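Source: prediction; values computed, not measured. Atom set for the values below is all heavy atoms of this structure, side chains included, hydrogens, waters and symmetry mates excluded.
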Amino acid sequence: MPAPVEITVEIDRAAHGGFGVGRHEGRVVFVRHSLPGERVRALVTDGADDARYWRADAVEVLSASPDRVTAPCRYARPGQCGGCDWQHASLPAQRRLKAGVVQEQLSRLAGIEWDVVVEPVPRHDDDQDDDGLGWRTRVTYAVDDEDRAGLRRHRSHEVIPIEECLIAHPGVRSMGVEGRRWPGVESVESVTSSSGERLVVVEPGQLDVEVPDLPEDVSVLVGQDRGRPRVLHGQSAVTELAGGRRWRVTGGGFWQVHPGAATTLTEAVLEALAPQPGERALDLYSGVGLFAAAIADRVGRGGRVTAIEGDRSAVADARHNLSDMPQVRIVSGPVAKILARDDDARADVVVLDPPRAGAKLAVVSAIARRRPRAIAYVACDPAALARDLAALSTHGYELAGLRAFDLFPMTHHVECVALVRPRA
């Protein structure tokens, strides 16, 4: 499209990815910053004249939805930060939109009709009101050509410098990353833990990196081409608290970003699987061992939990975190390859928390061959979940329960815990 084009669109529904969906002269248009039921004037941002669909930003609301609110963040606007998708919708509306998206993905990709309710999640770390802000305990900032920290524009590499990210946890904002200059730096990840520790991981963009002065209690790590990041100041890890245990998480290693997520998801997984003493369990994509520990408590010393994780740093953390649990075996390597190598291993219950792309066919088939009585699938992407549920269906398994949690308010992301059982 050679020049910017403005169109008027009636928004019919919400789509996966944080868009409203409408049609213009028969062509589907995905419109950010819009809501179902609205009529908007939209600026087309992506799409040739002969394209099947266009992408656009709503630049004027001609007829507003009753669910529309004023976005609290001044960067949650067309052409600005792409991190938040639904700040212009009330929190109850956001959850209804996410529930509809999960339902649509299950129906379209897996042929499953399921009523979905997206549950709010308490923060657990303070008494702050549920306003959808201040929850993100891990934020990665990009650095622009003028050494300013910011966040990227939607579907762009362009960095939008910001003074304050409103969904960032107060512990993240207290480090002052956004107000400092970062010469030679490509990105800065800011981490605040449930124990109150703070850490930044600096990824160099060139050989000469200048790390600005930060509060004395903030640990600073600098990424390296090989191996773990180099500790410039403080400690290499933070301590998280969940399930009555302390968890070492090294550097920018994976830990759920919402303060209430670890407890909420662990409870949901245990409720789904109901592990029994003496059973054998698999924990796939096991990270630092959160689910493995909870299941190990239930199966006891007479049971067995095999945890498989591909990230070597997470494996080292898991071995440290679960050193008091002899019934847990931690295996390092790609999940699909490990499952293929140990194809005779039996499993009564399985939990998996794969990356956004999902587990995919090889892992799904390997799980099914073990004939577990229950599978708890923790999913951060409803499309990947639906595709893997469809694959499990070909092996005689069916969806038996599903809970969805609003672990990412103001964004389009939603976390699901699906219970899968052998078809009766």
Side-chain angles (χ1 to χ4, degrees), residues 1-105 107-109 118 132 142 144 150-162 165-167 356 381-383 386 408-414:
M1 185 166 295
V5 172
E6 288 190 358
I7 58 177
T8 299
V9 187
E10 304 274 353
I11 305 300
D12 301 321
R13 60 184 177 86
H16 183 35
F19 304 92
V21 183
R23 287 185 176 270
H24 178 73
E25 298 179 351
R27 178 186 284 109
V28 173
V29 186
F30 297 96
V31 186
R32 280 178 62 81
H33 309 286
S34 69
L35 292 173
E38 292 188 332
R39 183 169 178 263
V40 301
R41 187 167 60 87
L43 178 67
V44 177
T45 57
D46 185 16
D49 289 338
D50 59 350
R52 291 188 302 108
Y53 64 87
W54 284 347
R55 299 180 186 273
D57 282 339
V59 293
E60 182 182 358
V61 179
L62 304 175
S63 177
S65 164
D67 294 322
R68 178 171 285 274
V69 299
T70 300
C73 177
R74 63 190 175 97
Y75 302 106
R77 303 286 190 275
Q80 294 293 310
C81 173
C84 290
D85 310 289
W86 295 124
Q87 281 204 18
H88 56 287
S90 68
L91 279 176
Q94 291 181 34
R95 290 164 187 151
R96 290 195 302 271
L97 293 171
K98 294 179 186 185
V101 166
V102 175
Q103 288 180 193
E104 188 269 340
Q105 295 294 299
S107 176
R108 184 170 64 87
L109 298 175
V118 175
D144 71 3
L151 299 170
R152 297 193 187 276
R153 181 177 292 180
H154 180 67
R155 290 176 58 83
S156 171
H157 293 294
E158 182 181 353
V159 179
I160 305 297
I162 62 172
C165 174
L166 293 187
I167 65 170
R356 191 165 301 281
D381 184 272
F408 312 94
M410 303 296 178
T411 79
H412 76 272
H413 299 290
V414 59

Pair up each side-chain donor or acceptor in residues 56-64 with any protein partner under 3.5 Å, not counting sequence neighbours, and list the distances.
| unit_1 | atom_1 | unit_2 | atom_2 | d |
| --- | --- | --- | --- | --- |
| E60 | OE1 | R41 | NE | 2.8 |
| E60 | OE1 | R41 | NH2 | 3.0 |

For a quick test of your reading: what N or O donor-acceptor pairs under 3.5 Å do the side chains of residues 13-26 make, sequence neighbours left out?
| unit_1 | atom_1 | unit_2 | atom_2 | d |
| --- | --- | --- | --- | --- |
| H16 | NE2 | D381 | OD2 | 3.1 |
| R23 | NH1 | G26 | O | 2.8 |

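- Nearest heavy-atom pair across P382 and V101 is CG-CG1, 4.4 Å.
- Q87 places no side-chain N or O within 3.5 Å of a backbone atom of M410 that could act as its donor or acceptor partner.
- For the atom pair T411 OG1 and Q94 CD, the distance stands at 8.0 Å (nearest 0.5 Å).
- The heavy-atom pair separating G132 from L91 by the smallest distance is N-CD1, 3.6 Å.
- For R55, the CZ atom sits in a packed shell: over 12 heavy atoms of surrounding residues, nucleotides or ligands are nearer than 6.0 Å.
- Annotation for A99 and V118: closest pair N-CG2, 3.5 Å, computed over non-hydrogen atoms.
- Applying the salt bridge (Lys or Arg N to Asp or Glu O under 4.0 Å) test to R74 and every residue at least two apart in sequence or in another chain returns E163.
- Using modelled atom types, one side-chain atom of K98 and one backbone atom of H413 make a donor-acceptor pair closer than 3.5 Å.
- With rounding to the nearest 0.5 angstrom, the SG atom of C165 is 10.0 Å from the OH atom of Y75.
- Partners of Q105 according to the side-chain hydrogen bond (donor to acceptor under 3.5 Å, both in side chains) rule, which considers only residues two or more places apart in sequence or in another chain, do not exist here.
- The heavy-atom pair separating A42 from V31 by the smallest distance is CB-CG1, 4.1 Å.
- The side-chain hydrogen bond (donor to acceptor under 3.5 Å, both in side chains) test applied to R52 returns no partner, not counting sequence neighbours.
- R77 meets the salt bridge (Lys or Arg N to Asp or Glu O under 4.0 Å) test with no other residue; sequence neighbours excluded.
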Show me the donor-acceptor pairs, under 3.5 Å and distance only, between side chains in residues 150-161 and residues at least two apart or in other chains.
| unit_1 | atom_1 | unit_2 | atom_2 | d |
| --- | --- | --- | --- | --- |
| R152 | NH1 | H157 | O | 2.5 |
| R153 | NE | G79 | O | 2.7 |
| R153 | NH1 | E158 | OE1 | 3.1 |
| R153 | NH2 | G79 | O | 2.9 |
| R153 | NH2 | E158 | OE2 | 3.4 |
| R155 | NH2 | D46 | OD2 | 3.3 |
| S156 | OG | E158 | N | 2.9 |

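- When the ring pair (Phe, Tyr, Trp, His ring centres under 6.0 Å) test is applied to H88, the partners found at least two apart in sequence or on another chain are W86.
- C84 SG to I167 CD1: the interatomic distance, rounded to the nearest 0.5 Å, is 4.0 Å.
- Applying the side-chain hydrogen bond (donor to acceptor under 3.5 Å, both in side chains) criterion to R96, with sequence neighbours excluded, gives D67.
- To the nearest 0.5 angstrom, S34 atom OG is 11.5 Å from E10 atom CD.
- For R68, the salt bridge (Lys or Arg N to Asp or Glu O under 4.0 Å) partners two or more places apart in sequence, or in a different chain, are E38.
- Shown here are the side-chain hydrogen bond (donor to acceptor under 3.5 Å, both in side chains) partners of T8, two or more places apart in sequence or in another chain: there are none.
- Minimum interatomic distance between D85 and G82 (heavy atoms only, all atoms of both residues): OD1-O, 4.3 Å.
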